[in-house]
S.K.: 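Would you mind keeping the following structure in view while I ask a few things?
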Amino acid sequence: MLEVTLPDGSSRTLPEGASAADLAAEIGPGLAKAAVAARVRRPARDTEGTAAPDSDGEAAVVDLSRPLRGGDEVAILTRRDAEALDVLRHSAAHLMADAILRLFPQAQLTIGPVVEDGFYYDIHLPEGALTPDDFPAIEAEMGRIAGRAHPFERCEVRERDADEAFARYRAIDGGHNRFKAELVGEIEGRGEGLTLYRHGDFVDLCRGPHVPHTGWLKHTRLTSVSGAYWRADAERERLVRVYGTAFFSKADLEEHLRRIEEARKRDHRVLGERLDLFHFEEDAPGFPFFHPRGNVLFTLLIDSMRRLLGRRGYHELRTPVILSESLWHTSGHYENYLENMFFTKLKLRDEGDSGAVRDNVDEQRPLAVKPMNCPGHLLVYRSRARSHNDLPLRFSEMGLVHRRELSGVRHGLFRVQAFTQDDAHHFCTPEQIGGEIGLLIEFFREVYALFELDDVRVELSTRPEKSIGSDAIWERAEASLESALEESGIEYQLNPGDGAFYGPKIDFHIRDALKRSWQCGTIQLDFSMPERFGLHYIGADGQRHTPVMIHRACYGSVERFMGILIEHFAARFPLWLAPVQVLVIPVSAKHVEYARSVHEKLLDAELRAEVNLKDDRVGYKIREASLQKIPYAAVVGGREAEAGTLNVRSRDAGELGEMTARDFLERIAEERSPGL
RNA sequence: GCUGGCGUAGCUCAAUCGGUAGAGCAGCUGACUUGUAAUCAGCAGGUUGGAGGUUCGAGUCCCCUCGCCAGCUCCA
């Protein structure tokens, strides 16, 4: 007999060799039916017997069929547990792989992990292609396999060559799958045991766990297909990545698909065009054209940031967009950032040859377009002597930078080739680092809260392969950031090797409507650049010292941040951000004069108001205002002209009724102010 | 940059086997004089992304190129 502990602290006694499924049945038939998998924590005392759960002392999710041991702490997982959904989706990946192999016998499987909203499987197709057109056939095949309710069986491979399951596994996709062979080699290299999972005729290398049988996998859907590379290496074999998702119930699946559909409607590229905020041209790839309404939003973002910066003692600069190439050698950008930079090229008319144009003329001082603002700020710092009394010195700039991007990575306003950074550089003494970074973390949190952004992820990125500065400097810088993060008490993830070439950074990532994560804010600590540019300050000791530099941007890119806000609000901006705040609508042509006077009154009150004088029905104009997501419509007709009022309709609250312009302005006063 | 997909009117989309490029919305003009999410009628709108090729004939087939979309890689 063995005794196990349940999550509520009670214990159960089971016959020797009993599984988690037996435990569930022992607790009750309802649980037995609802059980998906089990979470087992095994005390780290004995080392004999069956190997898994894999790491002793740590809780691991395992198959229901796995035998338990005395002393195990066991939780039966049902569809209500988050881990259960991952188990389901991973099982669905096996199901999909099975179906694909049936329809594409030449396919070779590689890896098939669970991702945030589902799963994918990377598949090598030596010839032919797999497109969404194949989805119905694959899904139908998956449905058939699910209908058979094949149990998922776990097989531990002891003697590879003698093992029947392993032989079947090797045969499953032709017997010469070099990808799986590579994985097997790695697992054995680590001294771990191989495990296989089988359902029906299908066997796959897998750590598990899985749902009890394929009957659980009835609510699956393939979502997309794209390219990928084996080991994410473009030099290696190209793979087809087939994405899918799975849920425990039809309702959950439908709800998920509906949410994706909703998210697509928030796409800033679509809304940007429909609300006339900006557009792109084929002749200017990745360079947005902001229209009047988009420009209002853009300017509001910049003005708000200026106010916040001013309050914190920043001094705003304006530095050149083009600087000499040699400067970028000094800064290290030429060495480390060349591929992302635009360089100027001269052309000259050849007077001897009837005005023919010579390309790429060499220049005495070749020029480059700035991809970052830091060198300019270093030059301003260096333009006069600085004292320790000046520090910390905070220079800001709404700097327009240009960066060449590989084709294929551009993405609306999120990834452009020219953008405006709400950039700033703090110059300070080493002792001031902690204080400056603490201030910045607080500052950024305040800004994101102002825009009602709550899903902000923080990362600490460390030294990349291409970088400048000594190991000692990097260690010091990384340690400084880490302690500042600990000090502030915010949660963060480590992102090794993703720092800037001149220093480690704290990044703030925000998600778009489709949950793709984009870096916005960044705080970068730099001990190298001030030295390269020969910066110094006179300390209290009368000696020269090199200052430390902190690069920082809160929006990151005003363009990207604007895109994030469009998706976050689905373009239903709060009043203070709305490009057009009120639309005045005369009921008929007879009321044009009065509509004009109301419009002027609202403009005088510095409201962003427009008036629709077209000869359309009121209903039509209301519809237009609504589609343009304008917060207020002010309808005026005979009654209002008589009484000197306006009839207000709110985008969010419907009709508010008749009121004077003064009452209306009073009513929206608070909404209009950004709370800065 | 890589893999796959897609480019037809301002927008959303049609066009059968390679055989006269079309509709709705938007735009313009006119009529209606309108009371809270689409009034009616008419007009105009195109080098089918660009450049080559095959063909009697190309939106459609082939090659090149540019852009867009999804993902990979990279990044604010």
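Residue numbers begin at 1 in each chain, while the letters A, B, ... track the order of the sequences. Any value given below was found using the heavy atoms of this structure, including those in side chains, with hydrogens, waters and symmetry copies removed. Just so you know, these numbers come straight off a predicted model, no measurement behind them.
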S.K.: Considering only the C1' atoms, how many Å lie between G42(B) and G53(B), rounded to the nearest integer?
M.R.: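 Taking atom C1' in both G42(B) and G53(B), they lie 44 Å apart.
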S.K.: Using atom C1' of each nucleotide, how far apart are G59(B) and C6(B) to the nearest Å?
M.R.: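 Rounded to whole Å, the distance is 14 Å.
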S.K.: Residues in salt bridge (charged side-chain N to carboxylate O under 4.0 Å, His left out) with Arg403(A), at least two apart?
M.R.: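 Per chain and number, Arg403(A) pairs via salt bridge (charged side-chain N to carboxylate O under 4.0 Å, His left out) with no residue.
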S.K.: Rounded to whole Å, how long is the line connecting atom CZ of Phe287(A) with atom P of C66(B)?
M.R.: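 Distance check: Phe287(A) CZ to C66(B) P gives 15 Å.
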S.K.: If we take the C1' atom in both G5(B) and A41(B), what is their distance in whole Å?
M.R.: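 That atom pair is separated by 42 Å.
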S.K.: Would you say the base of C74(B) and the side-chain of Arg415(A) have a donor-acceptor pair closer than 3.5 Å?
M.R.: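 In this structure, the two groups form a donor-acceptor pair.
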S.K.: Write out a two-atom table: protein N or O, nucleotide N or O from nucleotides 12-14 of chain B, distance below 3.5 Å.
M.R.:
none

S.K.: To the nearest 0.5 Å, what is the distance between OH (Tyr243(A)) and CZ (Phe119(A))?
M.R.: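 Going from OH on Tyr243(A) over to CZ on Phe119(A), the span is 12.0 Å.
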S.K.: For Lys590(A) and Leu413(A), take the nucleotide of RNA chain B holding the closest heavy atom to each; which residue's nucleotide lies nearer the 5' end?
M.R.: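 Here Lys590(A) is the residue nearer the 5' end.
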S.K.: How about CD on Glu491(A), more than 12 heavy atoms from neighbouring residues, nucleotides or ligands closer than 6.0 Å, or not?
M.R.: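 No, CD of Glu491(A) has 12 or fewer neighbouring heavy atoms, counting only those of other groups under 6.0 Å.
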S.K.: N/O contacts under 3.5 Å, protein versus nucleotides 36-38 of chain B?
M.R.:
{"from": "U36(B)", "atom 1": "O2'", "to": "Arg649(A)", "atom 2": "NH1", "distance (Å)": "2.7"}
{"from": "U36(B)", "atom 1": "O2'", "to": "Glu655(A)", "atom 2": "OE2", "distance (Å)": "3.0"}
{"from": "U36(B)", "atom 1": "O4", "to": "Asn647(A)", "atom 2": "OD1", "distance (Å)": "3.1"}
{"from": "U36(B)", "atom 1": "O4", "to": "Asn647(A)", "atom 2": "ND2", "distance (Å)": "3.2"}
{"from": "A37(B)", "atom 1": "O4'", "to": "Arg623(A)", "atom 2": "N", "distance (Å)": "3.4"}
{"from": "A37(B)", "atom 1": "N6", "to": "Ser626(A)", "atom 2": "OG", "distance (Å)": "2.6"}
{"from": "A37(B)", "atom 1": "N1", "to": "Ser626(A)", "atom 2": "OG", "distance (Å)": "3.1"}
{"from": "A38(B)", "atom 1": "N7", "to": "Arg623(A)", "atom 2": "NH1", "distance (Å)": "3.2"}
{"from": "A38(B)", "atom 1": "N6", "to": "Arg623(A)", "atom 2": "NH2", "distance (Å)": "2.7"}
{"from": "A38(B)", "atom 1": "N1", "to": "Arg623(A)", "atom 2": "NH2", "distance (Å)": "2.9"}

S.K.: Say whether Glu559(A) and Thr420(A), considering side chains only, have a donor N or O and an acceptor N or O under 3.5 Å apart.
M.R.: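 Yes, side-chain donor-acceptor contact under 3.5 Å.
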S.K.: Could you tell me how the ring of Trp518(A) sits relative to the ring of Phe414(A): parallel (under 30°), tilted (30 to 60°) or perpendicular (over 60°)?
M.R.: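 Judged by the thresholds at 30° and 60°, the geometry between Trp518(A) and Phe414(A) is tilted.
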S.K.: In whole Å, what separates the P atom of U3(B) from that of C63(B)?
M.R.: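 About 15 Å, rounded to a whole number of Å.
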S.K.: Using a strict 4.0 Å threshold on nitrogen-to-oxygen distance, state whether Glu446(A) and Arg312(A) make a salt bridge.
M.R.: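 Looking at Arg312(A) together with Glu446(A), the answer is yes, because their closest N to O distance falls below 4.0 Å.
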S.K.: Say you pick atom C1' in A31(B) and the same atom in G45(B); how far apart are they, in whole Å?
M.R.: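 It works out to 23 Å between them.
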S.K.: Let me know, please, whether Ser588(A) or Gln524(A) comes out on the 5' side of the other along RNA chain B by nearest nucleotide.
M.R.: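 It is Ser588(A), whose closest nucleotide lies nearer the 5' terminus.
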S.K.: Between His268(A) and Glu567(A), is any side-chain donor less than 3.5 angstrom from a side-chain acceptor?
M.R.: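 Checked: His268(A)/Glu567(A) side chains pair up, N/O donor to acceptor below 3.5 Å.
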S.K.: Which is true for Val416(A) with a 4.0 Å heavy-atom rule: it touches a base, it touches only sugar-phosphate, or it touches nothing?
M.R.: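 The answer is base, as Val416(A) lies within the cut-off (heavy atoms under 4.0 Å) of a base atom.
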S.K.: Whole angstrom is fine here: how far is it from CE in Met372(A) over to C1' in A76(B)?
M.R.: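 Those two atoms, CE and C1', are 9 Å apart.
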S.K.: Quick one, give me the B/S/- string for nucleotides 67-72 of chain B, reading 5' to 3', where B means a protein heavy atom under 4.0 Å from the base and S means that only happens at the primed atoms, P, OP1 or OP2.
M.R.: SSSSBB
S.K.: Just to be sure I follow the notation: if a pair is Watson-Crick (purine N1 to pyrimidine N3 plus N6-O4 or O6-N4) or a G-U wobble (N1-O2 and O6-N3), each under 3.5 Å, what dot-bracket string does RNA chain B give, with | for pairs to another strand?
M.R.: (((((((..((((.....[..)))).(((((.......))))).....((.((..]....)).)))))))))....
S.K.: Once you round it to whole Å, what is the distance between C1' of C75(B) and CD of Glu559(A)?
M.R.: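 These atoms are roughly 15 Å apart.
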S.K.: So what does Gly654(A) hit on the nucleic acid, given a heavy-atom distance under 4.0 Å: a base, only sugar-phosphate, or nothing?
M.R.: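 The answer is nothing, as Gly654(A) stays clear of every strand by at least 4.0 Å.
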S.K.: Would you please name every residue forming a salt bridge (charged side-chain N to carboxylate O under 4.0 Å, His left out) with Arg264(A), sequence neighbours left out?
M.R.: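 None.
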S.K.: Quick one: list whatever passes salt bridge (charged side-chain N to carboxylate O under 4.0 Å, His left out) with Glu397(A), sequence neighbours left out.
M.R.: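 Once residues adjacent in sequence are excluded, the partners of Glu397(A) under the salt bridge (charged side-chain N to carboxylate O under 4.0 Å, His left out) criterion are Lys370(A).
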S.K.: Taking atom P in both G22(B) and C43(B), compute the distance separating them and give it to the nearest angstrom.
M.R.: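 Here G22(B) and C43(B) have their P atoms 15 Å from each other.
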S.K.: In whole angstrom, what separates Asp507(A)'s CG from A76(B)'s C1'?
M.R.: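 In whole Å, A76(B) C1' lies 9 Å from Asp507(A) CG.
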S.K.: Just verifying a value: how many Å separate Thr645(A) OG1 and Tyr594(A) OH, rounded to the nearest 0.5 Å?
M.R.: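 Thr645(A) OG1 to Tyr594(A) OH: 5.0 Å, rounded to 0.5 Å.
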S.K.: Using atom C1' in both nucleotides, what's the gap between A38(B) and G50(B) to the nearest angstrom?
M.R.: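 So the two C1' atoms sit 38 Å from each other.
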S.K.: Decide, for C56(B), between syn and anti: a glycosidic angle within 90° of 0 counts as syn, anything else as anti.
M.R.: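 C56(B): anti glycosidic orientation.
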S.K.: Checking Arg457(A) now: which residues fulfil side chain to side chain donor-acceptor pair (under 3.5 Å) with it, not counting sequence neighbours?
M.R.: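 So Arg457(A) forms a side chain to side chain donor-acceptor pair (under 3.5 Å) with Glu459(A), Gln493(A), Ser517(A).
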S.K.: Mind calculating the distance between CZ (Phe419(A)) and C1' (C75(B)) to the nearest angstrom?
M.R.: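 Roughly 8 Å, once rounded to whole Å.
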S.K.: Measure the spacing between CD1 of Ile630(A) and CG of Leu583(A) and express it to the nearest 0.5 Å.
M.R.: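 Ile630(A) atom CD1 to Leu583(A) atom CG measures 5.0 Å (nearest 0.5 Å).
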S.K.: I need the full list of salt bridge (Lys or Arg N to Asp or Glu O under 4.0 Å) pairs touching residues 631-652 of chain A, with sequence neighbours left out, sorted by first then second residue.
M.R.: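 For residues 631-652 of chain A: Arg572(A)-Asp652(A).
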S.K.: When the distance from CZ of Arg231(A) to P of U73(B) is rounded to whole Å, what number comes out?
M.R.: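 Between P of U73(B) and CZ of Arg231(A): 13 Å.
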S.K.: Could you give the distance separating G67(B) and A51(B) at their C1' atoms, to the nearest angstrom?
M.R.: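 Taking atom C1' in both A51(B) and G67(B), they lie 15 Å apart.
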S.K.: Which is true for Ala553(A) with a 4.0 Å heavy-atom rule: it touches a base, it touches only sugar-phosphate, or it touches nothing?
M.R.: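 Result for Ala553(A) = nothing.
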S.K.: Tell me: CD of Glu465(A) to C1' of C74(B), nearest whole Å?
M.R.: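 Those two atoms, CD and C1', are 13 Å apart.
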S.K.: How close or far is atom C1' of C74(B) from atom CZ of Arg560(A), stated in whole angstroms?
M.R.: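 Distance, rounded to whole Å: 11 Å.
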S.K.: Return the residues of residues 490-505 of chain A meeting this criterion: a heavy atom under 4.0 Å from some atom of RNA chain B. Order them by number, or give none.
M.R.: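 Contacting residues: Asp498(A), Lys505(A).
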S.K.: Checking Glu237(A) against His124(A): is there a side-chain donor and acceptor pair closer than 3.5 Å?
M.R.: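 No donor-acceptor contact under 3.5 Å links the two side chains.
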S.K.: List the residues meeting salt bridge (charged side-chain N to carboxylate O under 4.0 Å, His left out) with Asp455(A), not counting sequence neighbours, and say none if there are none.
M.R.: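 With neighbours one apart ignored, the set is Arg511(A).
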S.K.: Could you grab the distance from atom CG of Asp507(A) to atom CG of Leu460(A), nearest 0.5 Å is fine?
M.R.: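 Reported value, rounded in 0.5 Å steps: 9.0 Å.
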S.K.: Does the side chain of His551(A) come under 3.5 Å of the side chain of Asp526(A) through a donor N or O and an acceptor N or O?
M.R.: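 Short answer, yes.
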S.K.: For His256(A), what residues pass the ring pair (Phe, Tyr, Trp, His ring centres under 6.0 Å) criterion, not counting sequence neighbours?
M.R.: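 Result, ring pair (Phe, Tyr, Trp, His ring centres under 6.0 Å) vs His256(A): Phe247(A).
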